[in-house]
Colleague: 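First the structure, then my questions, so here it is.
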Amino acid sequence: SEQPVFFVQAELTLEDDLEAAFSKALENMGRIDVLINNAGAAIGENYDGTTVENWNADISLNLTAHYILSRLVIPGMVSSGGGVITNISSVNGIQALGNPAYSAAKAGLISFTQTLAIEYGQKGIRSNVVIPGTVETPIWRQRAKARPEVFDLVKNWYPMGRVGQPKDIAAAVAFLSADEAGFVNGASLTVDGGLTAGSFRMIKDMIE
């Protein structure tokens, strides 16, 4: 049977907001078996455009919030005998692609996921991280409005000849959350159409 969707709004950079949202969710659902940390945004586009203020803001949203939410759900998961935590990182976390503070946070998220995996695996909690490439989300569609050719330019870097769609990432998250992934713990699953597999564009430029 279909389960109702329950929405709770919170400012993810405010710990009190997160605690209040967690309490409401727990009250409504009774228990939390799966946590997907999917929030993300970037302010500083490059190093020169990065300030201490926007550095801290990017780290707070893209890393610290994930830590706080994980800390909130883990005790209940331990009590109930298990659960799944899936963090959404980015290819920016494994390559230099701009947005230095955002990228540092996404790299830290990979390490943080590994820590959760080894510390809580024996307590039945699996922790994994998905590493998406460019995904056509509302943020990217806003970029496309300002620069209509952006997707045509970006897709040339992808061996599959396209950027990702939200359903591509959702499918990976669904797998990691399912019982079929019961022995997958501490994994980094790259969902980027081959972007980080090698220097696709360099090879094309050399051969063509």
Side-chain angles (χ1 to χ4, degrees), residues 12 34-47 49-50 54-55 57-59 61-63 65-66 84-114 116-117 126-178 180-181 184-208:
L12 296 184
V34 177
L35 170 65
I36 301 165
N37 282 312
N38 188 41
I43 302 174
E45 290 287 342
N46 52 35
Y47 185 78
T50 300
N54 64 37
W55 172 278
D58 278 349
I59 297 296
L61 175 61
N62 296 288
L63 182 57
H66 299 46
V84 181
I85 296 174
T86 302
N87 293 315
I88 310 300
S89 181
S90 167
V91 290
N92 286 58
I94 57 176
Q95 286 187 339
L97 295 168
N99 303 115
Y102 167 87
S103 300
K106 292 299 189 180
L109 196 55
I110 296 171
S111 176
F112 174 60
T113 302
Q114 293 169 335
L116 292 179
R126 296 188 295 106
S127 301
N128 298 289
V129 60
V130 175
I131 304 176
T134 303
V135 179
E136 192 175 348
T137 60
I139 290 176
W140 272 95
R141 286 195 290 272
Q142 289 176 12
R143 289 182 178 180
K145 286 183 180 179
R147 192 180 176 194
E149 76 279 11
V150 66
F151 282 121
D152 287 333
L153 293 171
V154 170
K155 73 180 184 181
N156 289 328
W157 289 88
Y158 284 83
M160 293 190 70
R162 69 173 179 89
V163 299
Q165 296 297 317
K167 65 181 181 180
D168 295 318
I169 311 306
V173 172
F175 164 69
L176 291 173
S177 301
E180 286 80 358
V184 182
N185 185 38
S188 296
L189 178 55
T190 305
V191 187
D192 70 350
L195 175 69
T196 58
S199 298
F200 169 69
R201 186 58 189 263
M202 180 183 290
I203 293 170
K204 283 189 65 178
D205 288 345
M206 286 191 298
I207 294 176
E208 293 180 356

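Only heavy atoms go into these numbers, but all of them, side chains included; no hydrogens, no water, no symmetry mates.
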Colleague: Can you give me the closest heavy-atom contact between Asn62 and Ala39, atom names plus distance?
Modeller: OD1-O, 4.0 Å

Colleague: Just distance, no hydrogens or angles: give the donor-acceptor pairs under 3.5 Å from side chains in residues 194-202, sequence neighbours left out.
Modeller:
unit_1: Thr196; atom_1: OG1; unit_2: Asp192; atom_2: OD2; d: 2.7
unit_1: Arg201; atom_1: NE; unit_2: Asp205; atom_2: OD1; d: 3.2

Colleague: Report the distance from atom NE2 of His66 to atom CD1 of Ile85, rounding to the nearest 0.5 Å.
Modeller: 11.5 Å

Colleague: Judged by atom type as modelled, is there a donor-acceptor pair below 3.5 Å linking the side chain of Asn87 to the main-chain atoms of Val129?
Modeller: no

Colleague: List the atom of Pro132, the atom of Ile169, and the distance in Å for their closest heavy-atom pair.
Modeller: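 Heavy atoms of Pro132 and Ile169 come nearest at CB-CD1, 3.6 Å.
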
Colleague: What's the shortest heavy-atom distance between Ser188 and Ile131, and which atoms?
Modeller: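 Looks like CB-CD1, 3.8 Å.
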
Colleague: I'd like to check the side-chain hydrogen bond (donor to acceptor under 3.5 Å, both in side chains) partners of Gln95; sequence neighbours left out, ordered by chain and number.
Modeller: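 Checked Gln95 against side-chain hydrogen bond (donor to acceptor under 3.5 Å, both in side chains); zero matches.
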
Colleague: Below 4.5 Å, heavy atoms only, C-beta onward: do Thr134 and Trp157 meet side chain to side chain?
Modeller: no

Colleague: Please identify each residue that fulfils side-chain hydrogen bond (donor to acceptor under 3.5 Å, both in side chains) with Asn185, with sequence neighbours left out.
Modeller: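 Scan of Asn185 (side-chain hydrogen bond (donor to acceptor under 3.5 Å, both in side chains), adjacent residues dropped) gives none.
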
Colleague: Excluding sequence neighbours, so at least two apart, what forms side-chain hydrogen bond (donor to acceptor under 3.5 Å, both in side chains) with Asn54?
Modeller: Thr51

Colleague: Taking only residues two or more places apart in sequence or in another chain, which ones pass side-chain hydrogen bond (donor to acceptor under 3.5 Å, both in side chains) with Thr50?
Modeller: none

Colleague: Please identify each residue that fulfils salt bridge (charged side-chain N to carboxylate O under 4.0 Å, His left out) with Lys155, with sequence neighbours left out.
Modeller: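 Lys155 satisfies salt bridge (charged side-chain N to carboxylate O under 4.0 Å, His left out) with Asp152 once adjacent residues are dropped.
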
Colleague: If I take atom CG from residue Leu63 and atom OG from residue Ser89, how far apart are they, to the nearest 0.5 angstrom?
Modeller: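 Result: 9.5 Å between the selected atoms.
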
Colleague: What heavy-atom pair brings Phe151 and Glu136 nearest, and what distance separates the two atoms?
Modeller: CZ-CG, 3.5 Å

Colleague: Using a 3.5 Å cut-off and no angle test, enumerate the donor-acceptor pairs between side-chain atoms of residues 99-111 and protein atoms at least two apart in sequence or in another chain.
Modeller:
unit_1: Asn99; atom_1: ND2; unit_2: Gly44; atom_2: O; d: 3.1
unit_1: Ser103; atom_1: OG; unit_2: Asn92; atom_2: ND2; d: 3.3
unit_1: Ser103; atom_1: OG; unit_2: Gly98; atom_2: O; d: 2.7
unit_1: Ser103; atom_1: OG; unit_2: Asn99; atom_2: O; d: 2.8
unit_1: Lys106; atom_1: NZ; unit_2: Ile88; atom_2: O; d: 2.9

Colleague: Between Arg162 and Asp168, what is the shortest heavy-atom contact and its length?
Modeller: NH1-OD2, 3.0 Å

Colleague: For Ala187, check side chain to side chain contact (heavy atoms under 4.5 Å, CB included) against everything at least two apart and list the hits.
Modeller: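 In terms of side chain to side chain contact (heavy atoms under 4.5 Å, CB included), with neighbours along the sequence ignored, Ala187 is linked to Asn128, Val184.
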
Colleague: Could you pull out the closest heavy-atom pair between Thr86 and Ser177, with the gap in Å?
Modeller: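 Result for this residue pair: OG1-OG, 4.3 Å.
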
Colleague: Checking Glu149 now: which residues fulfil salt bridge (charged side-chain N to carboxylate O under 4.0 Å, His left out) with it, not counting sequence neighbours?
Modeller: Arg147

